[in-house]
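See structure below.
Just so it is clear, the values below take in all heavy atoms, side chains as well, and ignore hydrogens, waters and symmetry mates. As the structure lists them, so they are numbered: ligands from 1, and atoms in each ligand from 1.
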Amino acid sequence: AKQMGANQFRYYTEDMNASALRRIDMESRLRRAVENRDMQLFYQPVISLETNRVVGAEALLRWHDNEKWIGPDDFIPLAEETGLIIPLGKWVLEEATRQVRTWLDDGIDLRVAINLSARQFRDPQLGEHIVHALDRSGAPADRLRLEITESVVMDSAEEAARILGKLQSLGLEISIDDFGTGYSSLAYLRRFPIDQFKIDRSFIQELGRHNESEAIVIAIIRLARSLGLGTVAEGVETESQRDYLSRAGCDLVQGFFYSKPLPAEDFARWFADYSKD
Ligand code: C2E
Ligand code: CA
Ligand code: CA
Ligand code: CA
């Protein structure tokens, strides 16, 4: 073991250097991408189970890097760590509100949801950024929905309640994302100014396969009802999942069963086609 020690150490540091270098490289490419706006929002339709109509869309960020698309799971954590998420999130807000307005002008009236990370949610300037984006775009505040994960709001819940109250007073809708995967305190939930639970994909995918997931989905929908909140299920991939959610009284759905997230122009075409009959 002793003779191997030096070698191992060498490999270890080479490894470390390689990954540290990759990280630094990624950070500078990301910084440039944020500055150059090599980012694009894709939109996934949200459908009402009651009317079968498209009532909204979730904006999902993509990074166009070297001719390929990089998904948010591969760069949001780094953006969050380095603080780049603040200018990036600001751009997302501006871009999404501009899109809301453009679609409205084209007769497409949708509520567009954007995702907020932990650091954005705690940023004291968030309210200002939102007001600015709404003013600049002329988008009505109630067409914008903010999705914040359960774990982010439950972390120092008192402060979160205050921030949520401020956001809601601007007229926005608030959705608790990935609901059911964290540890929500029911006492807080009751007092949080929120509008909707977004049921996590992991539960939807197990519908019809695991009784526990069905029980959880039904419990979430009941809880939402009794608190006067709406429900949206994400990751709906099959007709039977859609039918199950419809019977269970879920309000809204989104997922590959309807459409993947699409660039805005493709979304408009998909929307026209879907709304034809
Ligand atoms: P999320 O908010 O839970 O978003 C749902 C993810 O599920 C998206 O992945 C979406 O493309 C994917 N999805 C939608 N329908 C289906 C389906 O039927 N089946 C399957 N298997 N997947 C489906 P995506 O776009 O890769 O986003 C990953 C995460 O990145 C999001 O999770 C969200 O937390 C985060 N994110 C995306 N855009 C932004 C953003 O602008 N800002 C911040 N802070 N985070 C973002
Ligand atoms: Ca989301
Ligand atoms: Ca999710
Ligand atoms: Ca998520």
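Around the CD atom of E50, the shell of radius 6.0 Å holds no more than 12 heavy atoms that belong to other residues, nucleotides or ligands.
When heavy-atom distances to ligand 1 are checked against a 4.0 Å cut-off, S117 comes that close through both its backbone and its side chain. For D178, every heavy-atom contact with ligand 1 shorter than 4.0 Å involves the side chain, none the backbone. Counting heavy atoms under 4.0 Å from ligand 1, residue I76 touches it through the side chain alone. Heavy atoms from both the backbone and the side chain of N115 come within less than 4.0 Å of ligand 1. Contacts with ligand 1 closer than 4.0 Å are made by side-chain heavy atoms of R62 only, the backbone lying farther away. Under 4.0 Å from ligand 1, the heavy atoms of E58 that appear belong solely to its side chain.
Around atom 19 (N) of ligand 1, the closest heavy atom drawn from E237, Q205, Q120 belongs to E237. Considering each of A118, A113, S259, P72, the one bringing a non-hydrogen atom nearest atom 30 (O) of ligand 1 is P72. For atom 22 (N) of ligand 1, the nearest non-hydrogen atom from the set R201, Q241, M39 belongs to R201.
Using 4.0 Å as the threshold, G71 has no heavy atom nearer than that to any atom of ligand 1.
Here the two rings, on F271 and W103, have centers that are 6.0 Å apart or farther.
When every heavy atom of G249 is checked against every heavy atom of R225, the shortest pair comes out as O-NH2, 3.4 Å. The nearest pair of heavy atoms linking I85 to S117 is CG1-OG, 3.4 Å.
Atom numbering of ligand 1 starts at 1 in the shown order; those under 4.0 Å from a heavy atom of D73 are 28 (C), 29 (C), 30 (O). The distance from ligand 1 to the heavy atoms of V236 drops below 4.0 Å at these ligand atoms: 18 (O). Taking a cut-off of under 4.0 Å to the non-hydrogen atoms of P261, the atoms of ligand 1 that pass are 11 (O). Contact atoms of ligand 1 toward G255: 15 (N), 18 (O) (distance under 4.0 Å to a heavy atom of the residue). Less than 4.0 angstrom separates some heavy atom of G235 from each of these atoms of ligand 1: 16 (C), 17 (C), 18 (O). Taking every heavy atom of Q44 and a limit of under 4.0 angstrom, the matching atoms of ligand 1 come to 14 (C), 15 (N). Remark: ligand 1 atoms within the under-4.0 Å shell around heavy atoms of V92 are 41 (O).
A salt bridge links D266 to R269: one of the charged nitrogens lies within less than 4.0 Å of a carboxylate oxygen. Residues E158 and R162 are not paired through a salt bridge, judged by the lack of any N-O separation under 4.0 Å between the basic side chain and the carboxylate. We find that E81 and R23 are joined by a salt bridge, their nearest charged nitrogen and carboxylate oxygen being less than 4.0 Å apart. Ion pairing between D65 and R29 holds under the 4.0 Å rule for side-chain N and carboxylate O. Ion pairing between a basic and an acidic side chain is recognised when a charged N comes within 4.0 Å of a carboxylate O; D38 and R32 show no such pairing. Taking 4.0 Å as the cut-off between side-chain N and carboxylate O, R101 and D105 count as a salt-bridged pair. The pair E95-R98 counts as a salt bridge, with a side-chain nitrogen and a carboxylate oxygen less than 4.0 angstrom apart. Taking the charged nitrogens against the carboxylate oxygens, E58 and R145 have no contact shorter than 4.0 Å, which rules out a salt bridge.
When each of E237, H210, Q241 is checked for a side-chain hydrogen bond (donor to acceptor under 3.5 Å, both in side chains) with Q205, only E237 meets the rule.
Considering backbone and side-chain N/O of L60, none are found under 3.5 Å from N/O of ligand 1. Of the polar atoms of F256, at least one N or O is found under 3.5 Å from an N or O of ligand 1, judged by distance alone.
The Ca ion (ligand 2) has no N, O or S atom of E234 under 3.0 Å away, backbone or side chain. Put simply, D200 gets within reach of the Ca ion (ligand 3), with an N, O or S atom under 3.0 Å from it. Note on T149: not counted as a metal contact of the Ca ion (ligand 2), no N/O/S atom lying under 3.0 Å.
The atom name of the N/O/S atom in D177 closest to the Ca ion (ligand 2) is OD2. The atom of D178 nearest to the Ca ion (ligand 3) is OD1, with the search restricted to N, O or S atoms.
Note: the hydrophobic cluster containing V217 does not contain L252 (ILVMFWY, side chain heavy atoms under 4.5 Å, direct or indirect links). The cluster map of Ile, Leu, Val, Met, Phe, Trp and Tyr, joined by side-chain heavy atoms under 4.5 Å apart, puts L116 and L134 in the same cluster.
Atoms OE1 of E147 and OE2 of E58, as seen from the Ca ion (ligand 2), are separated by an angle of 80°, to the nearest 10°.
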